[in-house]
There are 4 protein chains.
Amino acid sequence: MAKLKSNQKREQIFHAGLKLFAENGYSKTTINDIAREAGVSFGTVFTYYENKAALFRACVTEPLDEFRQYMLTANEELESITLQKLKNLVGQHIDFFMEKEHYLRVIQYVIGQPYRFDEMEVLDEFADEFRSFIQHIVKTGMDKGILPASSPEEVSYGYLAFLMGMRLSFTDQARAHQTNAFKNQALRLFGL
Amino acid sequence: MAKLKSNQKREQIFHAGLKLFAENGYSKTTINDIAREAGVSFGTVFTYYENKAALFRACVTEPLDEFRQYMLTANEELESITLQKLKNLVGQHIDFFMEKEHYLRVIQYVIGQPYRFDEMEVLDEFADEFRSFIQHIVKTGMDKGILPASSPEEVSYGYLAFLMGMRLSFTDQARAHQTNAFKNQALRLFGL
Amino acid sequence: MAKLKSNQKREQIFHAGLKLFAENGYSKTTINDIAREAGVSFGTVFTYYENKAALFRACVTEPLDEFRQYMLTANEELESITLQKLKNLVGQHIDFFMEKEHYLRVIQYVIGQPYRFDEMEVLDEFADEFRSFIQHIVKTGMDKGILPASSPEEVSYGYLAFLMGMRLSFTDQARAHQTNAFKNQALRLFGL
Amino acid sequence: MAKLKSNQKREQIFHAGLKLFAENGYSKTTINDIAREAGVSFGTVFTYYENKAALFRACVTEPLDEFRQYMLTANEELESITLQKLKNLVGQHIDFFMEKEHYLRVIQYVIGQPYRFDEMEVLDEFADEFRSFIQHIVKTGMDKGILPASSPEEVSYGYLAFLMGMRLSFTDQARAHQTNAFKNQALRLFGL
DNA sequence: TATGAATGAGCATTCATTCAT
DNA sequence: CATGAATGAATGCTCATTCAT
């Protein structure tokens, strides 16, 4: 019970941090801001996270697993891939990048300052994983005759760049037709 | 002569600011860092820029004109566009985005925190201009039979997103084969 | 208990500020000086006062109420005024102005730079109140035959000027005979 | 000729300093402000005054001589003093204090912070001279039967205090009836 | 656990002063 | 002489972090 309560506060703080780091960057965001956004006293922040850097690290690295899960689920279904399934997968990626606004802003913030944040390493690893996954898809797709001849590596680089850049194009909520535009364009990167 | 000397220092400071804002963001970058990087005393920074925010604003907005120039030169040659010319143009864009590492990082930093920085407005305008330019190319290309049927708007959104995201993929110097990968992928966004 | 402790520190800071602003003026007095004089760290000053200007404003305006109280108590007893009571009143004023050295220096500092400090307004109001009070005394005194014919307004202006100027005459502690000199002279302003 | 030109600039700077020191105090007044007010470049200020402190010292001490002259002229005529002459003298003092607004504000600024400014000494000396002069008048006046019995010392202290305090009562230009009020009240301090 | 008062390192900025032109 | 670019000491203020309650 107490544990639940604690976890609840931890999560409030976590999400407050994620939101504010995303909106204002690391230095501009104060522990006080986070505490206020989370609805706790700022002393409480230090009860759950050793310091500001630790909270930031949590914000950058903890969501990665869910991300990994979500992005890579399809890996197993790859044997039975069809054109429609591939289109769905790409659509899911786009939707996912559109939804996770705060997290993606934080990620881009870190990637944009690679010498500044140690968390960069973890993100580099994830990018490698993701590109490998895409390369696997392209190869399988070509083998099955679903995709035209392509360089799997080139597609993987281009596709990840595209997904990241997409997120930079929106201030406000992404509108549906823009999402569709991105889905269509993304397919072109696969030669479709 | 004295004027030249002044402008020289102003430029040293400008470039130091651009580099450090790109690498460490706005808040983490101190006037002292900038002065040291520029090889002047920190008081001198205030001789040329009213305050830190003004220097940042200069770093974000001043290069835009050169950018505009560089990106849009081709506009006039559009009448006589050929497939090869279009490929060259895309190649130039990629090369340009690869070269201007510091400036693009700063741009992305601002775009990533749109509520924080007023400079966002100017960047939004530029993005609109750039997309219009791309749409013009796509229409002309389709008219001339160079490009397959496409939605000019979709291409323009996708292409800009791609260019922006590309820049997020590199910490170190872009290696040639990656640049080529990006060029090829970029052409796919035009249906090529 | 904790509340008391807080108020105690606030008061220490307040008195340190009052003393140092009186002795060295606003700009010359640093937050550090005040903190040292108050026996707290300088960060603590900002726990109790939003900034230097707010502390100064407090030093200028907060004592006014006590002042008002002290100076005007006699108002009610005015019905039964006698020559002796009036002499006592004037004596009290003199003593009061002699005692409140720091506060009066701060007041004069503000009055001397009326365009610089917004606090001037509040002091102008108080001066008006005080002169009204004196005019009332003079009128009552003349009605009762205690005071010779006088212009109440002239007396009120002269008396306030005299009280203010008096405070400018001392660096060190006012010696008794000087205090007496002032009391006698003050009475002359009332025609006594 | 060159000398004249120089002296003219020196005076411009001097009066600019006097005005600004009077209005904003020592620390708040910048060399730049003074230069702008004087219509010269700020470097020029250092051509005529070694540094800011030296200019301030000049502003405090140099006018004293004229002051001394003006205030004490009457000394010689004291043999043939009459009631009318004494009234005229007091009137002149009041007028003089009313006119020299800037200088008197500076004086009071220094007197109000006696531990801060070395110039205080010179002012103390002048105050002594002035009080001696007043005491002389009172004695002579009593001898000649012009003035009622008074303590010359008390009168001198009260009168100087009154003159100083008077100057604190005005923000704007003194209006005539206030000046008269002060003249009348001043005479009361002499027992008139 | 939760709180927030106390602390002081760190930073932007101001401004007197120097000195080359 | 006049100028103003260059300098860096000094200062107000912010904010992460500690710790007593």
Side-chain angles (χ1 to χ4, degrees), chain A residues 2-3 5-6 9-10 26-35 39-56, chain B residues 1-3 5-6 8-10 13 26-35 39-55, chain C residues 1-3 5-6 8-10 13 26-35 39-55, chain D residues 2-3 5-6 9-10 26-35 39-56:
Chain A
K3 194 65 180 298
K5 210 174 172 186
S6 293
K9 284 208 175 171
R10 168 182 275 268
Y26 182 77
S27 300
K28 180 82 182 304
T29 300
T30 72
I31 297 284
N32 227 322
D33 293 339
I34 293 170
V40 300
S41 96
F42 83 85
T44 304
V45 174
F46 290 96
T47 304
Y48 293 97
Y49 294 92
E50 198 187 342
N51 52 32
K52 191 182 174 182
L55 172 55
F56 186 71
Chain B
M1 194 67 144
K3 196 62 179 299
K5 206 173 175 183
S6 293
Q8 188 186 313
K9 284 216 170 154
R10 169 181 277 269
I13 294 166
Y26 182 78
S27 300
K28 180 80 182 305
T29 301
T30 72
I31 297 284
N32 229 320
D33 292 341
I34 293 170
V40 301
S41 96
F42 81 85
T44 303
V45 174
F46 292 97
T47 303
Y48 293 95
Y49 294 91
E50 200 185 344
N51 51 34
K52 191 182 173 181
L55 172 55
Chain C
M1 196 65 144
K3 197 62 179 301
K5 207 172 175 184
S6 293
Q8 188 186 312
K9 284 214 171 155
R10 169 181 277 269
I13 294 166
Y26 182 78
S27 299
K28 182 80 183 305
T29 300
T30 70
I31 298 282
N32 229 321
D33 293 340
I34 293 170
V40 300
S41 97
F42 85 83
T44 303
V45 174
F46 292 98
T47 302
Y48 292 96
Y49 294 93
E50 200 185 343
N51 50 35
K52 191 181 173 183
L55 172 55
Chain D
K3 195 64 179 298
K5 208 175 175 186
S6 294
K9 283 208 176 169
R10 167 181 279 268
Y26 182 78
S27 300
K28 181 83 183 300
T29 301
T30 71
I31 297 284
N32 227 321
D33 292 339
I34 293 170
V40 301
S41 95
F42 84 84
T44 305
V45 174
F46 291 95
T47 304
Y48 293 96
Y49 294 92
E50 198 187 343
N51 51 33
K52 191 181 174 183
L55 172 56
F56 186 71

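Every chain is numbered from 1, with letters handed out A, B, ... down the list of sequences. Everything quoted here is computed from the prediction, not taken from an experiment.
- Side-chain contact between C:Phe46 and C:Ile31: present, with at least one pair of heavy atoms (C-beta onward) separated by less than 4.5 Å.
- Taking a pair as Watson-Crick or G-U wobble with both distances under 3.5 Å, the runs of three or more consecutive pairs in DNA chain E are E:2-21 with F:2-21.
- Legend: residues meeting ring pair (Phe, Tyr, Trp, His ring centres under 6.0 Å) with A:Tyr49, ordered by chain and number and at least two apart, are absent.
- From C:Ile34, atom CD1 reaches atom CD1 of C:Ile13 across 9.0 Å, with rounding to the nearest 0.5 Å.
- Every residue was checked against the side chain to side chain donor-acceptor pair (under 3.5 Å) condition with A:Thr29, not counting sequence neighbours, and none meets it.
- Sorted by first then second residue, the salt bridge (Lys or Arg N to Asp or Glu O under 4.0 Å) pairs that include residues 26-35 of chain C, not counting sequence neighbours, are C:Asp33-C:Arg36.
- Contacts of C:Thr47 classified as side chain to side chain donor-acceptor pair (under 3.5 Å), with partners at least two apart in sequence or in another chain: none.
- In this structure, C:Phe42 has no ring pair (Phe, Tyr, Trp, His ring centres under 6.0 Å) partners at least two apart in sequence or on a different chain.
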**Request:** Spell out protein contact along nucleotides 7-13 of chain F as letters: B when the base is contacted, S when just the sugar-phosphate is, - when no protein heavy atom is under 4.0 Å; keep the 5' to 3' order.
**Result:** BBB-SSB
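- Side chain of D:Lys52 to main chain of D:Tyr26: a donor-acceptor pair is present (N/O by atom type, distance under 3.5 Å, no hydrogens or angles).
- For F:dA6, the OP1/OP2 oxygens have a side-chain nitrogen or oxygen of B:Tyr48 closer than 4.0 Å.
- Atom pair D:Phe56:CZ and E:dA16:C1' shows a separation of 16 Å (rounding to whole Å applied).
- Rounded to a whole Å, the CD1 atom of D:Ile34 is 12 Å from the P atom of E:dC15.
- To the nearest angstrom, C1' of E:dT14 lies 12 Å from CG of D:Asp33.
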